[in-house]
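Have a look at the structure below, then the notes.
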Amino acid sequence: MNVTQIIAILIFLVVLFCIITEKIDRTVAAMSGAILMVLLKILPAPSAIGYIDFNTIGVLIGMMLVVSIVKNSGLFEYIAIYTAKKAKGDAWKILISFAIITAILSATLDNVTTVLLIGPMTLVITQILELNPIPFLITEILASNIGGTSTLIGDPPNIMIGSAAGLSFNDFLTHTGPAALVILIITIALLYFLYRRDLMVDDRYKEEILALDEKKTIKDRPLLIKSLIVMALILTGFMTHQSLDLESSTVALTGAAILLLIGKQDVEEIICGIEWPTIAFFTSLFVLVGGLEEVGIIHSLAIWLIDLTSGRPIMTMILLLWLAAIVSSFLDNIPFVATLIPLILTMGTQGIDIRPLWWAVSLGACLGGNGTLIGASANVVLANIGERNGYKISFGKYFKVGFPLMILSIIISTVYLLFFFT
């Protein structure tokens, strides 16, 4: 190992340490590491641009713009109240409904955006019912990561994997979707036995829910109609983008542009709604990992992994699944997946069939996020929403529920992968 490789590894490890410990804002840490890679000549500036996956960046920006516009219509508040009324104020039915809604929205939007919308709605409903919202919030954390596993756009790691491997929306839906559905059903069933005693509601509170008028939450009906049409077109575009020879980013950005054009919203306000720190984090991360790839670290890791499993595809697949799950429980899954992608691509050049490996990493990284309270961005966001309203979810309290359920989901994923991909 030469000096350049040692410096590149040190930069990456320091950035990773800063992200894990939150000593420095993760965007600042990633940007600093990326800049150091260029300044120290580890990665030439022109090459650094080449390592940025603009398809992933485009999907994120496009979907953030769409959600920023759609939420102004009042659609998400309508869904929450309508669901609670259909459940007739029954807390258990509401919990199941919100879990399913969270999973579906996480699959069609992204899990961070979903929990930002579903969290405040949950607090409104539970306050009316005089219930502790923590069981609801924990269930929604789990559902958001499970739902996000099932599609190309549901979780950032999937966007990155899909872009690098040339996998379509339908590929994810048919390969990770079935596993996610089974895991969601089993998770909800187990949560019933865990929380059933905490979900007793007085009849007078149920009547308050039934008295709410969900129609009053619709703030802009014309925008609602336009949003639903454009969202349906975007979803259709994701499902057909490969046959149309379009990148998924082109679909997302086209939908965003159409909605900006016809939505008649304050464009400056909508663009400010984009999570620019997240975009900067991703961009910097691609450059950071590009530095490792440039000096040969990724290639060396790939050779080591092949040697460890003797090049046996099944062993490699299972090892990546469990490694991704355990690591993603305690670290941000985005930098970990960013490191694995070029490693798997390198393994492909060694004659290994890497297609099953993509599904292993997707399932491991996305479901692994359920292991701890810091395992995924959605977990932290929902925990913060709860804490700001006086309901603190401690690391230990969540761990007792989330980690065993995460391990169970990875056992199910192991069986699924062995049955369908060997």
Side-chain angles (χ1 to χ4, degrees), residues 53-80 82-83 100-114 116-118 144 147-156 158-163 166-177 180-181 217-275 278-279:
D53 188 338
F54 287 102
N55 185 56
T56 296
I57 301 299
V59 171
L60 288 170
I61 291 175
M63 294 310 295
M64 285 176 183
L65 284 170
V66 169
V67 170
S68 188
I69 297 169
V70 174
K71 71 180 181 182
N72 287 343
S73 70
L75 172 64
F76 302 112
E77 291 88 344
Y78 177 92
I79 292 171
Y82 178 83
T83 303
I100 293 170
I101 290 169
T102 301
I104 292 171
L105 288 178
S106 292
T108 52
L109 301 174
D110 71 81
N111 50 15
V112 174
T113 302
T114 296
L116 281 169
L117 296 167
I118 206 79
S144 71
T149 307
S150 63
T151 67
L152 170 71
I153 57 171
D155 210 358
N158 283 1
I159 300 174
M160 296 161 69
I161 291 167
S163 182
L167 299 169
S168 69
F169 187 93
N170 288 344
D171 287 331
F172 277 92
L173 197 61
T174 55
H175 288 82
T176 59
L181 179 60
T217 62
I218 301 299
K219 294 172 275 190
D220 190 333
R221 189 168 294 276
L223 178 62
L224 173 64
I225 295 168
K226 293 170 186 175
S227 297
L228 290 173
I229 293 170
V230 172
M231 286 174 71
L233 290 172
I234 291 172
L235 199 55
T236 304
F238 281 132
M239 292 179 176
T240 59
H241 74 95
Q242 280 195 328
S243 59
L244 296 172
D245 196 26
L246 294 172
E247 294 281 0
S248 51
S249 59
T250 305
V251 174
L253 290 169
T254 300
I258 292 171
L259 208 46
L260 281 169
L261 194 63
I262 66 175
K264 297 181 180 178
Q265 299 296 296
D266 184 330
V267 176
E268 187 174 337
E269 178 192 324
I270 297 302
I271 291 176
C272 286
I274 294 175
E275 297 171 43
T278 300
I279 301 301

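Everything numeric here is computed off the predicted structure, so don't read it as measured data. Quick note: numbers below take in every heavy atom, side chains included, and nothing from hydrogens, waters or symmetry partners.
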Least distance between heavy atoms, [X] atom then [Y] atom:
X    : Y    : answer
G58  : A252 : O-CB, 4.3 Å
T174 : N170 : OG1-O, 2.8 Å
F238 : F169 : O-CB, 3.0 Å
V59  : S248 : CG2-OG, 3.5 Å
D171 : H175 : O-ND1, 2.7 Å
A107 : I153 : O-CG1, 3.6 Å

In Å and rounded to the nearest 0.5 Å, what is the [atom1] to [atom2] distance from [X] to [Y]?
X    : Y    : atom1 : atom2 : answer
N72  : S227 : CG    : OG    : 8.5 Å
K219 : L75  : NZ    : CG    : 10.5 Å
L244 : T240 : CG    : OG1   : 4.0 Å
S249 : I57  : OG    : CD1   : 10.5 Å
I271 : I69  : CD1   : CD1   : 9.0 Å
I225 : I262 : CD1   : CD1   : 11.0 Å

Problem - Heavy-atom donor-acceptor pair, S144 side chain to T102 backbone, under 3.5 Å - result: no
Handout entry: Under 3.5 Å: donor-acceptor pair, side chain of T254, backbone of T250
Key = yes
Problem - Side chains of D155 and T149, donor plus acceptor under 3.5 Å - result: no
Exercise for the section: Inspect the surroundings of NZ in K264 and state if more than 12 heavy atoms from other residues, nucleotides or ligands are less than 6.0 Å away. Expected result: no
Exercise for the section: Can you establish whether the number of heavy atoms outside D245 located under 6.0 Å from its atom CG is more than 12? Expected result: no
Problem - Among L223, I218, L224, the one residue meeting side-chain contact (heavy atoms from CB on, under 4.5 Å) with D220 - result: L223
Handout entry: 4.5 Å side-chain heavy-atom contact, I274 and I61
Key = yes
Handout entry: Close side-chain approach of L259 and V70, heavy atoms under 4.5 Å
Key = yes
Exercise for the section: Report the C-alpha distance between S168 and L152 in whole Å, list the side-chain angles of each, state the deciding distance to 0.1 Å, and finish with yes or no for side-chain contact (heavy atoms from CB on, under 4.5 Å). Expected result: CA-CA 7 Å; S168 69; L152 170 71; over 6 Å; no
Practice task
Let me see the working for T108 and M231 under side-chain contact (heavy atoms from CB on, under 4.5 Å), right down to the final yes or no.
Solution key: CA-CA 9 Å; T108 52; M231 286 174 71; 5.9 Å; no
Completion exercise
side-chain hydrogen bond (donor to acceptor under 3.5 Å, both in side chains) filter on D53, not counting sequence neighbours, yields T56, S163
Exercise for the section: Determine, step by step, whether F172 and I161 satisfy the side-chain contact (heavy atoms from CB on, under 4.5 Å) criterion, reporting the C-alpha distance in whole Å, the side-chain angles of both residues, the deciding distance to 0.1 Å, and the verdict. Expected result: CA-CA 10 Å; F172 277 92; I161 291 167; 4.0 Å; yes
